[in-house]
Amino acid sequence: MNFNHILIRYGEMALKGKNRHLFEQKLQSNLASKLKPFPAARIKKTRGRMYVLLNGEDPHDVMEHCQQVFGIHSLSFAVQVEKEEEQLKEAVMLAFNDAQNAKTFKISSKRTDKEFPIKSAELNPMLGGYILRNTEGVTVDVHDPDVEIKVEVRHDAAYITAQDYPGAGGLPVGTTGKSLLMLSGGIDSPVSGYLTMKRGVAIEAIHFHSPPYTSDRAKQKVLDLANELSKYGKKINVHVVPFTAIQQKIQREMPEGYSMTIMRRMMMRISEKLAHKQDILSITTGESLGQVASQTMESMNTINEVTNYPIIRPLVSMDKLEIIDIARKIGTYDISIRPYEDCCTVFVPKAPKTKPTRKNANYYEEKVDFNEDIEKALEETYVIQVNEAENKTKDQFDDLL
């Protein structure tokens, strides 16, 4: 006997009102996309519940994929058996064994089919006794068990649910709009993308590439980060912006102390124009207040002046260790620390202004015309599509080869 389906429980999504069905439909669609590597698996949605019917697929492999889908609060392996005593005993033993190292348990029975001859009060000791007779060093704890095994006898069959596994939480990706993620290649920005997706936001990414100062390996690092993020949603379009000419012009024409601020303002201008072109309504950054010179309150105020788009900053109140912990959990940390610099680190001034003003930034920018440079960078921007589900990266020019 093996588990034949996975029970999915909603979290915050369950609190939605008349539009709840839209969130459920999006969750089902995202889950179906995630489970493409398991062709036999099927998703079944009933009133207030969702199941993955395994149909012979490996339960633990499917569970691992389900745990990466936002909108799911928790999951449990479950098995459907005939309403027969021996099958029930075998099923609860299967459920208990799934909870590795469990020393205490509890059986919770519910008998929806009142014609079933064994009452709930009799099922609990009967099934619990079977586990006790077939294990060693295990006891019953009805108040705080290591694992609670739920048995529900319905009219069609009996269903046994094993221990709970945590889901990704949040809301299904795509239910709350789309944002343009400024993806640098460092530790912070992919974590910011992950947390934004957790709130149901689909993302596209923009990356500023400055060859020959930044290498193709630096760009590949960004694509690998986008690939990790795509595990929690669907495909991600990475817009690669050639930024060398603008950075060189800033370095030549702008005061050194303001070069970082001006560079970020140029990035924000380009990001807004691209977001507008793609019908994207916000920009997401990996800024954490006070972490570096460009992330002081004064810097954010001065940089923000050039756009009226909402700026999503999920990391603004986090310290670096918190961000690193999340990066390790989602699999981006080891990629982010590869020794390939991005354009932000290559052109860092020796003494950047930590309290730049809008007045000074505008004064310096008025002396140099960047409009043509911005438009040229946008014209030369190209898109690389990253899709973990297909395990490949697709350049927009691939079809021409």
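Position 1 is the first residue of the sequence, and the numbers go up from there.
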Item checked: I270 vs I246, side chain to side chain contact (heavy atoms under 4.5 Å, CB included): CA-CA, chis, key distance, verdict -> CA-CA 11 Å; I270 293 171; I246 293 177; 3.9 Å; yes
Next item on the list: Please step through side chain to side chain contact (heavy atoms under 4.5 Å, CB included) for the pair L183 and F208, ending with a clear verdict.
Entry: CA-CA 8 Å; L183 188 59; F208 295 89; over 6 Å; no
Item checked: Over 12 foreign heavy atoms within 6.0 Å of NZ, K249 -> yes
Next item on the list: Check whether more than 12 heavy atoms from other residues, nucleotides or ligands sit under 6.0 Å from atom NE2 of H73, and answer yes or no.
Entry: no
Next item on the list: State, yes or no, whether a side-chain contact exists between M50 and I43 at a heavy-atom distance under 4.5 Å.
Entry: yes
Check: Can you find a side-chain donor-acceptor pair between E204 and H239 that sits under 3.5 Å?
Finding: yes
Notebook entry, point to check: Looking at K367, K359, E365, which one forms a side-chain contact (heavy atoms from CB on, under 4.5 Å) with Y363?
Noted result: K367
Check: In Å, rounded to the nearest 0.5 Å, how long is the span from OH of Y51 to CG of N4?
Finding: 11.5 Å
Note to self: Both conditions, 6.0 Å and 45 degrees, for the charged tip of R328 above the ring of Y333: are they met here?
What the structure shows: yes
Notebook entry, point to check: Hey, what do you get for CD (E64) to CG (D58), rounding to the nearest 0.5 Å?
Noted result: 10.0 Å
Check: Could you state the interatomic distance from CD (E228) to CD (Q68), rounded to the nearest 0.5 Å?
Finding: 8.5 Å
Margin query: For a quick check under 3.5 Å, do D98 and Y165 share a side-chain donor-acceptor pair by atom type?
Written below: yes
Note to self: Take a 6.0 Å sphere around CD of E84 and say whether it holds more than 12 heavy atoms from other residues, nucleotides or ligands.
What the structure shows: yes
Next item on the list: Would you check if K376 and T381 make a side-chain contact, meaning some heavy-atom pair closer than 4.5 Å?
Entry: no
Notebook entry, point to check: Hey, is the main chain of S76 close enough, under 3.5 Å, to the side chain of T161 for a donor-acceptor pair?
Noted result: no
Margin query: What I want to check is whether the side chains of S109 and N124 have a donor and an acceptor closer together than 3.5 Å.
Written below: yes
Margin query: Side chains of N55 and R42, heavy atoms from C-beta outward: is any pair under 4.5 Å?
Written below: yes
Checklist line | Pair K234, S29: side-chain N/O donor-acceptor within cut-off below 3.5 Å | finding: yes
Next item on the list: Evaluate whether atom CZ of R338 has more than 12 neighbouring non-hydrogen atoms of other residues, nucleotides or ligands under 6.0 angstrom away.
Entry: yes
Next item on the list: Starting at CG of L315, measure out to OH of Y194 and round the result to the nearest 0.5 Å.
Entry: 12.5 Å
Margin query: Using 0.5 Å steps for rounding, measure from the NE2 atom of H143 to the NZ atom of K106.
Written below: 8.5 Å
Note to self: I'd like to know if the side chain of N362 pairs up with that of R265 as donor and acceptor (distance under 3.5 Å, no hydrogens or angles considered).
What the structure shows: yes
Notebook entry, point to check: So, do T284 and M182 sit near enough that their side-chain heavy atoms are less than 4.5 Å apart?
Noted result: no
Notebook entry, point to check: Checking side-chain hydrogen bond (donor to acceptor under 3.5 Å, both in side chains) for the pair Q80/D156: CA distance, chi angles, key distance, verdict?
Noted result: CA-CA 10 Å; Q80 174 184 340; D156 59 327; 4.7 Å; no
Note to self: Would you call the rings of H65 and F38 parallel, tilted or perpendicular, taking 30° and 60° as the class edges?
What the structure shows: perpendicular
Note to self: Using the ring centroid of each side chain, check whether Y213 and F243 are separated by less than 6.0 Å.
What the structure shows: no
Next item on the list: Give a yes or no answer on whether the side chain of T214 reaches the backbone of H209 with a donor-acceptor pair at less than 3.5 Å.
Entry: no
Next item on the list: Using atom types as modelled and distance alone, determine if a side-chain donor or acceptor of Q67 lies under 3.5 Å from a backbone N or O of P166.
Entry: yes
Notebook entry, point to check: Do K221 side-chain atoms and S336 backbone N/O form a donor-acceptor pair below 3.5 Å?
Noted result: yes
Next item on the list: For residues L127 and L88, determine if any side-chain heavy atom of one lies less than 4.5 Å from a side-chain heavy atom of the other.
Entry: yes
Note to self: Is any side-chain heavy atom of K355 closer than 4.5 Å to one of T296?
What the structure shows: no
Checklist line | Verdict with supporting geometry, L171 and F23, side chain to side chain contact (heavy atoms under 4.5 Å, CB included) | finding: CA-CA 8 Å; L171 297 171; F23 287 81; 4.3 Å; yes
Check: Taking only residues two or more places apart in sequence or in another chain, which ones pass side chain to side chain contact (heavy atoms under 4.5 Å, CB included) with P125?
Finding: none
Notebook entry, point to check: Is it true that atom NZ of K44 has more than 12 heavy atoms of other residues, nucleotides or ligands lying nearer than 6.0 Å?
Noted result: no
Next item on the list: Using the side-chain contact (heavy atoms from CB on, under 4.5 Å) rule, pick out the option among D325, I324, D188, L195 that qualifies with M318.
Entry: L195
Margin query: Can you tell whether the side chains of K273 and E375 come within less than 4.0 Å, N to carboxylate O?
Written below: yes
Next item on the list: Report, as yes or no, whether the 6.0 Å neighbourhood of atom NE2 on H276 holds more than 12 heavy atoms from other residues, nucleotides or ligands.
Entry: no
